[in-house]
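Read through the structure below, which is laid out as structure tokens, and then see the notes.
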Amino acid sequence: MNTLRYALRFLLRARTYTLINLLGLAFSLACCIILLRYIHRELTVDTHCVDRENVYAVQVNVSGGVYWGSYAAYRNDSVLIAPELIETKCSFVPLENDFLVSEGHRYRCDALATDSTFFQLFSYPLIQGEKNLTDPSSVVLTQSYAREVFGSDNPVGKTITYSNGQEYVVKGVIGSPVNKTWLNFDLLLANTSSNRWRRCRWICTVLYLEQI
């Protein structure tokens with residue numbers, strides 16, 4: 001007890017010394033926490049994927065330019081993935097900086113036009129409704145975007161009009177994964193031959209391969 005009193009008395013007398021040391025300790029701890037958090041996020045990218053070690057996005061290299069591409073368009077290229085090794089395949093069209101209309105109000109959005117196999121490759125928590133894109137007029141919203149458009153109302157069953165003029169019915173609401181992900185979107189649209197995307201820039205294919 002006497003030792004603690006002596007230490008406290010010394011720290012109160014040397015207030016500048018005490019302040020410098022406390023600030024140094026606080027900054028050191030803050031830097032360590034930030035660094036550990038950053039490392040953890042980088043090591044857990046896309047861990048919401050069903051099997052991260054065997055799920056691959058197709059990357060295309062044309063004249064030195066690298067971008068995500070379609071497996072169907074380049075399956076006869078020099079690098080070929082044997083079709084018998086593919087368990088599940090999912091393609092999506094990114095529709096960035098687009099918009100939709102709900103109840104006369106226009107909302108900006110980043111969308112993915114994809115098929116129902118998307119949820120077989122990527123796991124998202126279901127908040128309301130169902131994760132179903134089999135219907136050509138179905139749409140699934142993220143929880144944050146559903147709140148932005150519909151507020152506290154239940155969005156399931158409501159209709160929105162996308163920028164292509166087609167109406168979609170909200171089938172469900174999904175939450176965001178706790179980990180960092182390369183796929184960022186506000187909503188998922190059913191991608192069928194009946195839908196045409198004027199703002200389409202490229203198509204990405206994700207493959208789930210068998211373990212070798």
Side-chain angles (χ1 to χ4, degrees), residues 41 44-52 55 57-58 68 70-72 86-208:
R41 282 180 58 82
T44 57
V45 174
D46 289 332
T47 51
H48 68 304
C49 184
V50 293
D51 187 357
R52 189 171 60 159
V55 174
V58 177
W68 303 115
S70 171
Y71 169 74
I86 302 175
E87 288 193 8
T88 306
K89 181 172 61 176
C90 173
S91 297
F92 58 82
V93 180
L95 305 168
E96 300 171 339
N97 296 318
D98 218 334
F99 70 92
L100 60 81
V101 178
S102 174
E103 297 181 352
H105 298 282
R106 176 169 168 162
Y107 300 90
R108 180 199 168 277
C109 65
D110 292 325
L112 288 182
T114 185
D115 48 57
S116 57
T117 58
F118 180 86
F119 294 113
Q120 297 178 25
L121 297 177
F122 300 97
S123 176
Y124 288 84
L126 179 63
I127 307 300
Q128 290 176 291
E130 57 181 346
K131 296 186 290 186
N132 190 347
L133 293 173
T134 55
D135 187 342
S137 63
S138 59
V139 60
V140 175
L141 308 179
T142 62
Q143 185 178 26
S144 58
Y145 193 69
R147 288 175 178 171
E148 178 182 343
V149 177
F150 298 102
S152 58
D153 296 339
N154 183 2
V156 178
K158 294 190 176 182
T159 302
I160 64 171
T161 303
Y162 200 66
S163 61
N164 61 354
Q166 184 169 337
E167 292 186 345
Y168 293 87
V169 179
V170 179
K171 294 294 183 180
V173 178
I174 57 175
S176 300
V178 295
N179 54 275
K180 184 178 178 182
T181 174
W182 71 291
L183 287 175
N184 296 294
F185 55 85
D186 298 313
L187 55 93
L188 296 169
L189 296 167
N191 186 26
T192 62
S193 58
S194 61
N195 296 330
R196 299 191 179 277
W197 312 108
R198 292 173 297 176
R199 299 171 60 87
C200 174
R201 295 196 304 173
W202 42 270
I203 300 175
C204 179
T205 302
V206 180
L207 306 176
Y208 182 23

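Just so it is clear, the structure is predicted and the values come from calculations on it, not from any experiment. Computed from heavy atoms alone, side chains included, the values below leave out hydrogens, waters and symmetry copies.
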The side-chain contact (heavy atoms from CB on, under 4.5 Å) partner of Ser102 among Val170, Ile160, Thr159 is Ile160
Less than 4.5 Å apart, any side-chain heavy atom of [X] and any of [Y]?
X: Asn191; Y: Ser91; result: no
X: Leu95; Y: Leu189; result: yes
X: Phe122; Y: Thr181; result: no

First locate atom [atom1] of [X], then atom [atom2] of [Y], and finally report the distance between them rounded to the nearest 0.5 Å.
X: Gln120; Y: Lys89; atom1: CD; atom2: NZ; value: 13.5 Å
X: Glu167; Y: Ser137; atom1: CD; atom2: OG; value: 9.5 Å
X: Gln143; Y: Asp186; atom1: CD; atom2: CG; value: 13.0 Å
X: Cys109; Y: Leu187; atom1: SG; atom2: CG; value: 5.0 Å
X: Thr142; Y: Glu148; atom1: OG1; atom2: CD; value: 8.5 Å
X: Ile127; Y: Ile174; atom1: CD1; atom2: CD1; value: 9.0 Å

Worked check of side chain to side chain contact (heavy atoms under 4.5 Å, CB included) between Phe119 and Leu126: CA-CA 11 Å; Phe119 294 113; Leu126 179 63; over 6 Å; no
Are the side chain of [X] and the backbone N or O of [Y] linked by a donor-acceptor pair below 3.5 Å?
X: Asp110; Y: Asn97; answer: yes
X: Ser163; Y: Leu100; answer: no
X: Ser116; Y: Asn132; answer: no

Locate the shortest heavy-atom distance separating [X] from [Y]; write the atom from each residue and the value.
X: Pro125; Y: Ser176; result: CG-O, 4.3 Å
X: Gly172; Y: Val156; result: CA-CG2, 4.3 Å
X: Ser138; Y: Lys171; result: CB-CG, 3.3 Å
X: Gln128; Y: Pro155; result: OE1-CD, 3.6 Å
X: Val140; Y: Glu130; result: CG2-O, 4.2 Å
X: Asp153; Y: Lys158; result: CB-NZ, 3.4 Å

Does the plane of the ring in Trp182 sit parallel, tilted or perpendicular to the ring in Phe92? Use 30° and 60° as the thresholds. tilted
Ring centres of Phe185 and Tyr124 under 6.0 Å apart? yes
